[in-house]
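Here is the structure we will look at.
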Amino acid sequence: QVQLVESGGGLVQAGGSLRLSCATSGGTFSRYAMGWFRQAPGKEREFVAAISRSGGTTSHAESVKGRFTISRDNAKNTVFLQMNSLKPEDTAVYYCASSQLSNIFSIPRTYDYWGQGTQVTVSS
């Protein structure tokens with residue numbers, strides 16, 4: 001079973017930056033596509049970004065394109081989410097997830113394992 005642990009969340013002012021990390025264990029990291037999702041209070045979980053097994057293909061939601069960047073280090077079994085130019089509407093709990101599918105998807109049900117989440121709060 002794969003375990004995922006997110007870190008790097010916190011409180012930041014609008015316009016600031018944060019870098020989220022998701023450390024994995026219990027599986028062969030390079031065999032999983034990875035994704036980041038977020039969920040704000042009272043809202044459904046939404047796709048943020050995803051990256052293929054090799055890291056050669058990425059996808060970002062339109063709402064974060066140009067501000068957020070997903071990356072991975074297969075040697076360290078870790079996926080990252082660099083978040084720049086943060087806005088108050090980015091406030092949410094951010095989750096990383098792993099998928100055994102060969103392609104990357106934005107649909108939560110295509111992911112098999114999830115972390116516990118890390119809170120990101122952006123003040124105006």
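- V93 and F37 end up in the same hydrophobic cluster when Ile, Leu, Val, Met, Phe, Trp and Tyr side chains are linked at under 4.5 Å.
- Sequence neighbours left out, the pairs with a member in residues 43-55 that pass salt bridge (charged side-chain N to carboxylate O under 4.0 Å, His left out) are R38-E46.
- Applying the disulfide (SG to SG under 2.5 Å) test to pairs two or more places apart or on separate chains, those with a residue in residues 31-108 are C22-C96.
- Linking Ile, Leu, Val, Met, Phe, Trp and Tyr residues whenever their side-chain heavy atoms come within less than 4.5 Å places L86 and L81 in a single cluster.
- V12 has its side chain out of reach of M83: every pair of non-hydrogen atoms, C-beta onward, lies at least 4.5 Å apart.
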Begin with the C-alpha distance, continue with both residues' side-chain angles, and end with the deciding distance and a verdict on side chain to side chain contact (heavy atoms under 4.5 Å, CB included) for R19 and F80.
CA-CA 7 Å; R19 189 192 195 203; F80 305 97; 3.6 Å; yes
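- Counting heavy atoms from C-beta outward, Y95 and L4 have side chains that stay 4.5 Å or more apart.
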Sequence neighbours excluded and cut-off under 3.5 Å, please list the side-chain donor-acceptor pairs for residues 54-63, or say none.
from, atom 1, to, atom 2, distance (Å)
S54, OG, G56, N, 3.2
H60, NE2, I70, N, 3.1
E62, OE2, K65, NZ, 2.7

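- F47 and V64 fall into different hydrophobic clusters, defined by Ile, Leu, Val, Met, Phe, Trp and Tyr side-chain heavy atoms under 4.5 Å apart, directly or through other members.
- Side-chain heavy atoms closer than 4.5 Å link hydrophobic residues (I, L, V, M, F, W, Y) into clusters, and following such links, possibly through other members, connects F29 to W36.
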Donor-acceptor contacts under 3.5 Å from residues 108-123 side chains, at least two apart:
from, atom 1, to, atom 2, distance (Å)
T110, OG1, I107, O, 2.6
Y111, OH, F105, O, 2.6
D112, OD2, Q100, N, 2.9
T118, OG1, G9, N, 3.2
Q119, NE2, A92, O, 3.4
Q119, NE2, T121, OG1, 3.3

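- The disulfide (SG to SG under 2.5 Å) contacts involving residues 42-86 comprise nothing, where partners must be two or more places apart or lie in separate chains.
- Residue pairs that meet the side-chain hydrogen bond (donor to acceptor under 3.5 Å, both in side chains) test with at least one member in residues 21-33, sequence neighbours left out, are Q3-S25.
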